[in-house]
Structure formats: structure tokens, C-alpha cells
Protein chains: 2
Amino acid sequence: MATPERPYHHGNLARALLDAAAEVIGEMGPAQMSLREVARRSGVSNAAPVHHFGDKAGLFTALAAEGFERLADTLSAATDGSADGQVDPAEVFLEIGVAYVRFAVANRAHFEVMFRPELYHRESSDVLAAASRAAQHLYGPAADVIGDGITDDRDAGTIAWSLVHGFATLVLNGNLDTEASADPEGTVRRLGRLAFSPKGGAAVP
Amino acid sequence: MATPERPYHHGNLARALLDAAAEVIGEMGPAQMSLREVARRSGVSNAAPVHHFGDKAGLFTALAAEGFERLADTLSAATDGSADGQVDPAEVFLEIGVAYVRFAVANRAHFEVMFRPELYHRESSDVLAAASRAAQHLYGPAADVIGDGITDDRDAGTIAWSLVHGFATLVLNGNLDTEASADPEGTVRRLGRLAFSPKGGAAVP
DNA sequence: GCGCCGAACTTGTCAATGAAAAGTTCGATA
DNA sequence: TATCGAACTTTTCATTGACAAGTTCGGCGC
């Protein structure tokens, strides 16, 4: 009996290729991802992706843009959940950092591509716009924690981003201990409080 | 007139291949490094590296091990320069972080390979030993800053490593501002003081 | 309903790649 | 001086990214 064949037009090939690419990267890392393997897993010929993404770097570009979009959404949700002003701004800032780590762990393939600009067309307007939107959600709330000895909101943003980006990266490449690997969000929440709270006194409960 | 040819035995091919690999990675990133290009730049045939490194992952393994060795040496030097006990331990801890960022910027190719374990044989005893020695220099002095609200030296080490690793990574992939890119060491020294010093009071001068 | 156009594919080809096998050249040693 | 193995070179093969040419349909205008 003939196997049921996919019609000539895939119907949603771009989406399928992005998903397959994320899957391959999750298994082997960005450096070992091949267009042919991505096409195979999507059930099309090796030249099919050209119509949607142009070339390999084009596929990486789409992944990076999607990653920054998802990050911006994740950080936006972490901010908006407390927009009523009734929550300590420092706690909101902390939860944004936790959301960043949650995003990195849940979207490891995207996260690894996003921060390797040599893989993609870094001047892509989609990527630049999405990255800018994500950065706004990282730097924006930094203004709320000025006064903890840190008087420049860009400094607070850079410290926070460095901390959570470094933590996420070290967890993903297996360099931190079992607590951090087993519970990245809980660990970064605890460490973030230590790093950003008044010394010697009660931290945010 | 015949060009002067290299004798059949290169004489120091392993070293030449490591240097050429770092050069290629510096130009194109780890994902685009090819053994054939590395061999060409070393003046040998494409199969010559096999004798020294086995395969492509073997070359990456050697680069990673060398990178962790260099990092350990850099951090050791940052520690030893103040072993006489006359320097504020918090300042030593800060300078170790600065040395980490200096290493990352100066050895960008090695740094990028070191933290991508999917590229190399991560169970390599050379890599594990060198990485362990480097980690000791990162975590060791963390004990000296307990009392700043941070009561666990592993927590201090993880916060510090996350901060400087994240900062170095974000500088290298062009995500931080022009101050950080133009003066990574100065910027991370300043931010490190903010992050680790008593709030509201005089920081380490 | 038909014809047409272009989107969305497939097939075939080529140069470059990693890996492997076989062969060659020397350096070190007995 | 002869031998052995380290340290290469040459050749081959499967896979890859990219490209060109060809084919299949979906959508649209008439």
C-alpha cells in the first residue's frame, strides 16, 4: 500500500523548518545544524528552504528574530504582571531576571543562536527591532532600582543583564553546580536578591 | 626559481594548527572554522592534522584545554599579585573578575570554544583538569567577600562568575554599549564595585 | 470554467568539506 | 646501515551549501 504522500505544497513549510531547525540545534548545537537535515525532518527536498529563507544564514536570522520576539514577550509578561504599582519595583526587576533565565532554558536553541551574530544577518531589521524591544524590557525597569548605591539606570541594566545572561549561559553549558542546573529559576532568584538587595539587612521576602 | 619548500616534517605542526585555528575562528567564528582552511594556513595537506588531533572535535578539544589553561594562569596572576595580604580581599576579588574579562577579550577564539562543549570532547581529562584549575581561582577568593550580605562563598563565586562571564559574552557579541566595548576592563571594574560594594556608602577607592 | 502567472516546490550539478585508507618521507634508534 | 614508526601526502567517498533548471499547483482575472 502506498504511504500517504504530502501534497506538493507543504502549506506551512516556514514554520516547519523553524521548528525542525530548533530541534536539530537542541540535539547537536548550532554549529552542527545542516539545512539538509532540517529539510529532511520537514519532509521536503534540500532546496525547498531557499524560497522561505534564502540560505543557511537566512534561517539562522529568522530563528534569532523569533528568539528576540519570544524574549521580549516573556519579559513583557514579567513586567505587566505587576503594572498595578502594588509590587515592590525591586521585586519586579528581580522577576524580569528570573523570566530571562526561564526563557533561556525553555528556548535553548533560540538563545544559543541569538547571541552568535556571526551565524546570521545581524543587520536584519526583524532581528534589530526584536532585540531592541527585548532590551527595552531589560533596561526599562532598571530605573526603578536606582538608589541602591547604583545611580545610573544603564549601569543597573548592564549589571542585571550580565548577571542573568552569564548565569543562563553557564547553566546551559553545564558549568554550574547541580542546584543551579536542577532549579535555575529558583537559584537565580535567590542570587539576584543577594546581588541587588541592601547588604546585611532583610532582603525582599 | 623554485620557491623554498618546507621540509616534509613541519617541526611544530600542532602549535601551528592551534594558532591557525584561533586565527580562523577569530575571523569567522567557531561554526565556520574548517580543518582544510586551518591546514592550508599551516602549509600542510588536509589530512596532516589527524596525526596530532584525530578529528575536528579533537582540535576544538585542544583549543578548549589551552583556553582553560590560559584562563587559569591569568586568574592565578591576578590573585598572586596581591598574596602579601596587604590588599583588600574585596579588591582582589574585583581584579580577578577584571582579569577574566581581559582574558575573554584577548583570547576571544579560545573563549568562544571553551563555553561550547558540544564542539569538543567534553570528557577530555586535559579540559576537565584545566577547567577545574580555572574554577578554583574563580571560587577560591569568593570566601574573602563573605559578610557583604552574601554568606555562602559558592553563592559569591556564582554571582561573580555569572556577572563577568555574562559581561564578557555580551561585549564580544556586540550587545553592550560603546563604553563597555571601548573599555571592557574599566567598565566591568566600575560595575563590579557597584554590584559588590556596600550600598550607599563609599566603595573601594 | 479556463488560462495564466508566479509561488512553492523537486531534481540535478558542482565545489568544498570531514573522514578514512593507502602510500611516501624522513628522524630516531639499535 | 637497516629498520621502524612518526609525520606527513595523495586519493577517494559521502555529505554539505548553494545554484540552476524544471515541475506542480494555488490564486486570480476574465
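Here is the naming used below: chain letters follow the sequence lines, and residue numbers restart at 1 for every chain.
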Inset, instruction - Compare the minimum distances between each of dT11(D), dT25(C), dC9(C) and the side chain of H9(B), then state the nucleotide with the smallest one. - result: dT25(C)

Inset, instruction - For V44(B), answer base if it contacts any base atom (sugar-phosphate contacts may also be present), sugar-phosphate if it contacts only those atoms, and nothing otherwise; contact means non-hydrogen atoms under 4.0 Å. - result: sugar-phosphate

Legend entry - Shortest side-chain distance from S34(A), nucleotide among dA18(D), dT16(D), dG18(C): dT16(D)

Inset, instruction - Examine the base of dT24(C) for any acceptor or donor lying under 3.5 Å from a partner atom in the side chain of Y8(B), and report the outcome as yes or no. - result: yes

Legend entry - Y139(A) six-ring centre to R154(A) NZ/CZ under 6.0 Å and within 45° of normal: yes

Legend entry - Residue R36(A), side-chain atoms from C-beta onward, closest of dA18(D), dC9(C), dA7(C): dA18(D)

Legend entry - Check: F53(B) ring centre within less than 6.0 Å of H121(B) ring centre: no

Inset, instruction - Please work out if S45(A) contacts a base, only the sugar-phosphate, or nothing of the nucleic acid, heavy-atom cut-off 4.0 Å. - result: base

Inset, instruction - Could you tell me the separation between the CE atom of M33(A) and the P atom of dT15(D), rounded to a whole number of Å? - result: 18 Å

Legend entry - pair V38(B)-M33(B): side-chain heavy atoms closer than 4.5 Å: yes

Inset, instruction - Please report, rounded to the nearest Å, how far the C1' atom of dA8(C) is from the CG atom of N12(A). - result: 13 Å

Inset, instruction - Examine dT15(D): is either OP1 or OP2 under 4.0 Å from a nitrogen or oxygen in the side chain of R40(A)? Give yes or no. - result: no

Legend entry - Whole angstrom value for the distance that separates C1' of dG17(D) from CZ of F53(A): 16 Å

Legend entry - Side chain to side chain, V105(A) and F111(A), heavy atoms closer than 4.5 Å: no

Legend entry - Short side-chain N/O contact to dC8(D) OP1/OP2 from H52(B), under 4.0 Å: yes

Legend entry - Atom-pair distance (NZ on K56(A); C1' on dT15(D)), nearest Å: 12 Å

Inset, instruction - Using whole Å, report how far NE2 of H51(A) lies from C1' of dG22(D). - result: 16 Å

Legend entry - Distance below 4.0 Å between R6(A) side-chain N/O and dT10(C) OP1 or OP2: yes

Inset, instruction - Measure from the side chain of D55(B), starting at C-beta and using heavy atoms only, and say which of dA18(D), dA19(C), dA20(C) lies closest. - result: dA19(C)

Legend entry - Nearest-nucleotide comparison on DNA chain D, the residue closer to the 5′ end among N46(B) and L13(B): L13(B)

Inset, instruction - Rounded off to whole Å, could you give me the CG-to-P distance for the L35(B) and dA20(C) pair? - result: 12 Å

Inset, instruction - Give me the ring orientation class for F115(B) and Y100(B): parallel if the planes are under 30° apart, tilted from 30 to 60°, perpendicular past 60°. - result: tilted

